[in-house]
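Please read the structure below before turning to the comments.
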Protein chains: 2
Amino acid sequence: MPPPDLRIALADRARGGTRQRVYDALRDALVAGRLEPGRRLSENELAEALGVSRTPVREALVRLRDDRMVEIVPQLGTFVSKISIGAVADAQFVREALECAAIRLAAGRVGDAELLQLQAIVAQQDEAHAGHDFDRFFVLDDAFHEALCEASGHGIAWSLAQRADGHLVRVRRLSLPVPEYMGEMIDEHRAVLEAVAARDPDRAEEALRHHLRMVLSVLESIRAEHPEFFAEA
Amino acid sequence: MPPPDLRIALADRARGGTRQRVYDALRDALVAGRLEPGRRLSENELAEALGVSRTPVREALVRLRDDRMVEIVPQLGTFVSKISIGAVADAQFVREALECAAIRLAAGRVGDAELLQLQAIVAQQDEAHAGHDFDRFFVLDDAFHEALCEASGHGIAWSLAQRADGHLVRVRRLSLPVPEYMGEMIDEHRAVLEAVAARDPDRAEEALRHHLRMVLSVLESIRAEHPEFFAEA
DNA sequence: GCCGCACACCTAGTATGCAAGCGTGCCCCC
DNA sequence: GGGGGCACGCTTGCATACTAGGTGTGCGGC
């Protein structure tokens with residue numbers, strides 16, 4: 001019985017190589033939960049579904065394994081990683097370490113243009129909130145954190161945090177459709193932004209750390225709600 | 001004119017897949033400077049030199065590009081990245097952020113067995129110092145930092161730091177043959193270890209941060225000595 | 001009816017072949 | 001003699017073919 005819903009859309013041709021497009025498409029499908037944890041993937045099936053050969057699919061999967069999003073078992077198959085409490089804790093640790101270090105720097109060197117950009121992002125988040133547009137809010141949330149890291153002068157912090165963040169993103173996606181959380185998160189963004197604007201590294205770090213830990217507070221309820229997505233360990 | 005010294009040894013067969021062995025061999029050759037910055041690599045040459053096909057070579061190179069150790073230019077070639085001041089700063093930032101966060105945790109939860117292990121590593125470093133064995137010291141230095149991260153409960157910190165660390169490792173390799181630095185580094189390891197043993201997160205973080213920044217103090221002299229290894233920017 | 005073995009299918013790993021693009025060097029023209 | 005243009009060879013990117021190994025299934029024996 002072939003899997004029923006392997007419809008993964010590739011972005012427009014010619015933007016980046018095939019490998020990058022396949023990676024993006026797969027990662028998006030994974031974090032959005034369209035490829036549910038535990039499912040078996042096959043290079044052949046993915047290649048056919050995406051209309052490309054096995055080679056770029058394979059290379060994308062290898063990269064996703066580095067992200068701990070899939071597990072490749074030789075001669076057996078490739079599986080969507082179940083959400084592991086340990087992996088979530090690791091992702092949280094990495095993200096806190098990198099982003100908190102970044103924001104301390106950002107608070108010391110942020111310019112007016114960057115502050116305006118951050119404020120604009122938060123304003124757009126208000127709009128998304130008003131329109132109950134979860135997907136848009138998600139994009140803007142990433143944009144906010146990315147802009148913060150960029151302001152630190154070490155944009156790499158965001159690249160690494162995002163790649164290490166797979167398990168956490170899936171949890172967030174599951175938790176997001178609770179409207180009140182969106183409002184809380186925007187408030188926290190404002191608190192972070194104010195501290196950065198005040199050039200107060202300690203307060204900025206504290207606000208960001210609190211913000212980043214919010215997601216953990218709902219982890220257990222998510223797990224109770226979707227136990228099949230989690231590994232036992 | 002074919003490159004003269006593409007003799008890269010592969011580790012024993014059957015340990016990990018071919019891709020992993022090729023990656024390890026190439027990375028080792030890169031950080032050791034046997035493949036000097038700016039050099040052009042060719043998938044074909046590497047595959048021939050290593051006695052494997054292009055496929056695992058290609059996948060290893062893609063991963064090394066993620067590490068910023070090589071630059072792949074389509075239809076042109078793959079080049080050993082020159083050491084970039086910006087990339088060194090990024091690597092330093094990432095390593096500081098991850099390891100300092102890890103050691104704070106480690107100071108709060110380290111067990112006696114782990115302390116003994118750390119002490120044993122430092123003792124071995126003394127031996128390497130006495131024997132002027134730079135390579136051995138290098139391995140033991142990595143082991144010390146890895147053990148610290150493991151003691152934090154987030155071994156992933158070491159994995160990520162090490163992967164992001166390519167540019168920094170090359171600098172360290174160039175700077176290492178100065179014997180007095182080895183003694184200083186061991187002293188700093190001791191200071192870090194004492195603070196962890198005393199369960200003092202603040203002092204541990206401070207000692208580690210100071211230790212990690214030592215390498216930067218010699219960066220400019222290294223650059224003056226080997227300008228051909230560095231990018232202009 | 002149940003347990004064990006063997007076969008067939010499917011998997012990822014690897015090797016090789018083909019296509020497209022860029023750089024370089026030679027050759028022709030001015 | 002100098003400059004412009006074309007063609008060749010090299011590169012990586014992608015597609016395809018082949019290999020080795022593991023799993024599950026179905027059949028045969030008990």
Does this structure show an ion pair linking A/Arg213 with A/Glu96, if we count only N-O contacts that are shorter than 4.0 Å?
yes

Using a strict 4.0 Å threshold on nitrogen-to-oxygen distance, state whether A/Arg170 and A/Asp165 make a salt bridge.
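Not counted as a salt bridge, because no side-chain N and carboxylate O are separated by less than 4.0 Å.
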
B/Arg58 and B/Thr55: side chain to side chain donor-acceptor pair (under 3.5 Å), yes or no, with the steps?
CA-CA 5 Å; B/Arg58 172 179 178 71; B/Thr55 306; over 6 Å; no

Rounded off to whole Å, could you give me the [atom1]-to-[atom2] distance for the [X] and [N] pair?
{"X": "B/Arg65", "N": "D/dT11", "atom1": "CZ", "atom2": "C1'", "answer": "15 Å"}
{"X": "B/Glu45", "N": "D/dT12", "atom1": "CD", "atom2": "P", "answer": "9 Å"}
{"X": "B/Arg40", "N": "D/dT12", "atom1": "CZ", "atom2": "C1'", "answer": "11 Å"}
{"X": "B/Gln20", "N": "C/dG13", "atom1": "CD", "atom2": "P", "answer": "12 Å"}
{"X": "B/Leu46", "N": "D/dT12", "atom1": "CG", "atom2": "C1'", "answer": "13 Å"}
{"X": "A/Glu48", "N": "D/dA15", "atom1": "CD", "atom2": "P", "answer": "14 Å"}
{"X": "B/Phe79", "N": "C/dG23", "atom1": "CZ", "atom2": "C1'", "answer": "10 Å"}

Can you list, in residue-number order, the parts of residues 53-62 of chain B that come under 4.0 Å of DNA chain C, counting heavy atoms only?
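Contacting residues: B/Ser53, B/Arg54, B/Thr55, B/Pro56.
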
Stretch residues 67-76 of chain A: residues that reach within less than 4.0 Å of DNA chain C through a heavy atom:
A/Ile72, A/Val73, A/Pro74, A/Gln75, A/Leu76

With no hydrogens and no angle check, do the side chains of [X] and [Y] hold a donor and an acceptor under 3.5 Å apart?
{"X": "B/Asp24", "Y": "B/Gln20", "value": "yes"}
{"X": "A/Gln162", "Y": "A/Arg27", "value": "no"}
{"X": "A/Tyr23", "Y": "A/Asp28", "value": "no"}

side-chain N/O [X] vs [N] OP1/OP2, d < 4.0 Å:
{"X": "A/Asn44", "N": "C/dC10", "value": "no"}
{"X": "A/Thr18", "N": "D/dG13", "value": "no"}
{"X": "B/Thr78", "N": "D/dT12", "value": "yes"}

Smallest separation among heavy atoms of B/Leu98 and B/Ala161, with atom names:
CD1-N, 3.9 Å

Hey, can you tell me if B/His211 and B/His189 have their rings parallel, tilted or perpendicular (30° and 60° cut-offs)?
perpendicular

To the closest 0.5 Å, what do you measure between CD1 (A/Ile121) and CG (A/Leu148)?
8.0 Å

